[in-house]
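To start, the structure under review is shown below, and the notes come after it.
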Amino acid sequence: MVNIFAEISLLEEVLLGSLGVLFIAQMYFYIRYMAAPMRKLRRDKKSQLSTVNSQFSTPPVSVILCAHNECDNLSHYLQALLSQDYPTYEVIVVDDGSEDSTRQVVESYLTHDERVRMTFVPYGARVGSTKKLALTLAAKAAKYDYLLLTDADCVPESSHWISEMMSGFDTSDVRHQTSDIVLGFSPYFETSGHVNRLVRYDTLFNGLHYLGAALCGHPYMGVGRNLAYRKDLFFESGGFTHLMTNKAGDDDLFINHVATRQNTAVVVSPDSYTWSIAKTTLKAWWQQKRRHLSVSPDYKPVTRFRLTLEPLTRGLFYAVLICALVYYFLHTSYIVPLYIALGLFLLRWIIQTVIINVSARRMGLRQFSMFTILWFDIVLPLINLWMLIVPKRNNKW
């Protein structure tokens with residue numbers, strides 16, 4: 001048999017070997033972590049573990065949301081929180097220095113629904129993050145041992161939102177132990193425009209990543225739009241005491257510090273989602289994204305290491321691919337290296353698209369075209385890198 005690799009030079013072997021190693025690293029990331037929520041959805045469906053159709057404990061829960069000038073959102077969405085099919089719960093709204101009619105909107109509910117409670121951040125509170133202070137005040141005011149967090153601009157997918165999220169605390173877990181933290185998912189509503197596609201893709205990608213990492217035993221963050229934990233865990237860990245100097249991080253930094261393989265559960269059923277309206281301009285999304293990324297240096301070292309590996313191997317994959325293609329066109333007429341390089345690129349692209357879109361379909365979300373995925377796959381890491389290394393021109397949040 002003719003050796004088809006006989007004419008490949010040493011440099012081509014190095015380039016193709018490096019491309020192969022980076023391809024394997026990327027496939028490990030996608031198949032192990034990014035596909036984990038999809039596998040959990042499939043397992044839950046097969047075993048019929050949906051809390052709507054099965055028996056589970058229903059401990060009382062305190063639903064907490066902070067509100068800063070949120071009168072319009074509370075007028076639209078607060079009723080959805082009060083229409084949950086769950087036996088015992090309260091809704092605590094913390095007025096975080098609102099200057100609109102937020103307090104009046106909440107007070108209109110106080111008069112006819114005893115489940116609604118309200119507190120407020122003292123005027124002129126001199127702390128780095130009034131959001132963290134607001135959550136702390138709500139946790140102290142909570143009557144129940146479980147805290148379920150969301151935002152004033154979020155609406156639950158269904159009347160089973162509390163039931164689904166609370167199922168993560170249930171003792172029926174395969175580990176035969178209860179959880180202290182439950183991570184949920186919070187997508188954005190779909191509208192027209194490239195910015196909305198960018199936000200929805202970024203949210204889906206990050207969601208699959210942090211949920212998948214938690215399912216694989218490496219929890220590192222959660223989102224405050226849909227997150228639950230035990231009140232005892234919050235106070236025993238010191239709450240936000242060591243995070244008050246950070247303007248952000250009331251959700252991801254806190255979870256990064258207290259979450260472990262043993263105490264964290266994940267809920268990915270569509271009924272467990274909370275939805276919100278995405279930023280409509282690139283500038284607004286940029287500011288939001290930059291604020292979220294600003295806390296990443298405060299993650300645990302092992303978390304920072306893991307989070308660096310995927311974009312690093314992704315960037316190197318594209319760089320080595322370009323080098324291999326350029327070298328082929330300039331220095332050789334042998335076509336096998338070109339086929340190998342393009343084959344690895346195409347195979348990665350196909351597997352990536354399948355995992356992302358099958359996950360989106362099972363989660364009840366809109367799928368993305370292959371070219372949209374490829375474009376965002378290249379652009380988003382560059383945006384993240386720019387935000388991390390280029391200082392802001394101002395410090396306004």
Side-chain angles (χ1 to χ4, degrees), residues 33-34 36-37 40 63-68 70 73 77 81 129 131-132 134-135 138-139 146-157 161-162 164-166 168 179-189 198-215 218-229 233-234 240 243 246-259 263-279 284-285 287-296 298-299 303 307 359-360 363-365 380 384 397:
Y33 293 104
M34 296 291 283
K40 177 173 173 55
V63 178
I64 297 174
L65 60 151
C66 301
H68 176 71
E70 297 283 5
N73 286 322
Y77 302 140
L81 298 180
S129 172
K131 174 73 176 293
K132 297 187 184 73
L135 290 173
Y146 294 86
L147 310 179
L148 177 55
L149 278 56
T150 188
D151 283 346
D153 62 347
C154 292
V155 58
E157 166 67 23
W161 168 60
I162 295 180
E164 291 288 333
M165 287 298 293
M166 291 301 294
S179 300
D180 294 321
I181 300 168
V182 176
L183 306 180
F185 182 59
S186 183
Y188 288 103
F189 289 116
L198 171 66
V199 174
R200 287 188 293 108
Y201 178 84
D202 189 43
T203 301
L204 174 61
F205 186 91
N206 292 331
L208 293 176
H209 191 184
Y210 77 78
L211 294 173
L215 287 169
H218 306 295
Y220 70 90
M221 67 163 283
V223 293
R225 301 191 305 275
N226 200 8
L227 173 66
Y229 43 78
L233 174 72
F234 180 79
F240 301 127
L243 303 175
N246 299 87
K247 292 183 180 295
D250 54 273
D251 44 16
D252 52 348
L253 272 188
F254 175 71
I255 296 301
N256 186 252
H257 281 77
V258 301
N263 72 358
T264 305
V266 172
V267 176
V268 291
S269 58
D271 278 342
S272 70
Y273 302 161
T274 58
W275 293 79
S276 55
I277 299 174
K279 301 297 183 183
W285 173 78
Q287 292 174 341
Q288 180 188 55
K289 182 75 172 177
R290 171 163 254 168
R291 185 173 69 252
H292 293 164
L293 287 175
S294 68
V295 302
S296 58
D298 295 315
Y299 281 171
T303 301
L307 292 180
S359 298
M363 297 170 77
L365 307 176
L380 277 170
N384 293 341
W397 292 86

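All heavy atoms count here, side chains included; hydrogens, waters and symmetry mates do not.
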Value rounded to 0.5 Å, distance of NE2 in His68 from CG in Asp151: 13.0 Å
Would you call Phe205 and Met34 a side-chain contact if the rule is heavy atoms closer than 4.5 Å? yes
To the nearest 0.5 angstrom, please state how far the NZ atom of Lys132 sits from the CG atom of Asp251. 9.0 Å
What's the spacing between Asn226 CG and Trp161 CH2 if we round to 0.5 Å? 6.0 Å
OG1/Thr303 to CG/Asp298 distance, rounded to the nearest 0.5 angstrom? 11.5 Å
With heavy-atom distances below 4.5 Å as the criterion, would you say the side chains of Lys289 and Asp202 are in contact? yes
Apply side chain to side chain contact (heavy atoms under 4.5 Å, CB included) to Tyr146 and Ile162, showing your working. CA-CA 11 Å; Tyr146 294 86; Ile162 295 180; over 6 Å; no
Please give me the minimum heavy-atom distance between Ile64 and Ala139, naming the atom from each residue. CD1-N, 4.1 Å
Does the pair Leu135 and Phe234 meet the rule for a side chain to side chain contact (heavy atoms under 4.5 Å, CB included), with working shown? CA-CA 10 Å; Leu135 290 173; Phe234 180 79; 5.5 Å; no
Can you check whether Val258's main-chain N or O pairs, donor with acceptor, with Asn263's side chain at less than 3.5 Å? yes
Interatomic distance, CD1@Ile181 vs CZ@Phe254, rounded to 0.5 Å, equals 6.5 Å
Is any side-chain heavy atom of Phe185 closer than 4.5 Å to a side-chain heavy atom of Val266? no
State, to 0.1 Å, how close Ser186 and Thr274 come at their nearest heavy-atom pair, and which atoms those are. OG-O, 2.7 Å
Please round to the nearest 0.5 Å and tell me the distance separating atom OG1 of Thr264 and atom CD1 of Ile255. 7.0 Å
With heavy-atom distances below 4.5 Å as the criterion, would you say the side chains of Met221 and Asn256 are in contact? no
With a 4.5 Å limit on heavy-atom distance, are the side chains of Leu211 and Lys40 in contact? no
Answer yes or no: is there a side-chain heavy-atom contact under 4.5 Å between Val182 and Met166? no
Minimal non-hydrogen separation, Ala152 against Asn73, with atom names: O-CB, 3.3 Å
Using the ring-ring contact (aromatic ring centres under 6.0 Å, His included) criterion, which residues pair with Tyr220? Sequence neighbours excluded. His209
Could you check whether the rings of His218 and Tyr33 sit parallel, tilted or perpendicular, using 30° and 60° as the cut-offs? tilted
Check Cys154 against Tyr77 and note the closest heavy-atom contact, atom names and distance. O-CB, 3.6 Å
For Pro156 versus Leu81, what's the shortest heavy-atom pair and its separation? CG-CD2, 3.7 Å
Whether the Tyr299 and Asp252 side chains hold a donor-acceptor pair (N or O, under 3.5 Å, no angle test) is what I'd like checked. yes
Which heavy-atom pair separates Lys279 from Trp285 by the least distance, and what is that distance? CB-N, 3.7 Å
Side chain to side chain, Thr203 and Arg225, heavy atoms closer than 4.5 Å: yes
Once side chain to side chain donor-acceptor pair (under 3.5 Å) is applied, do any residues pair with Asp180, and if so which ones, sequence neighbours excluded? Arg230
Heavy-atom side-chain proximity of Phe240 to Leu253 below 4.5 angstrom: no
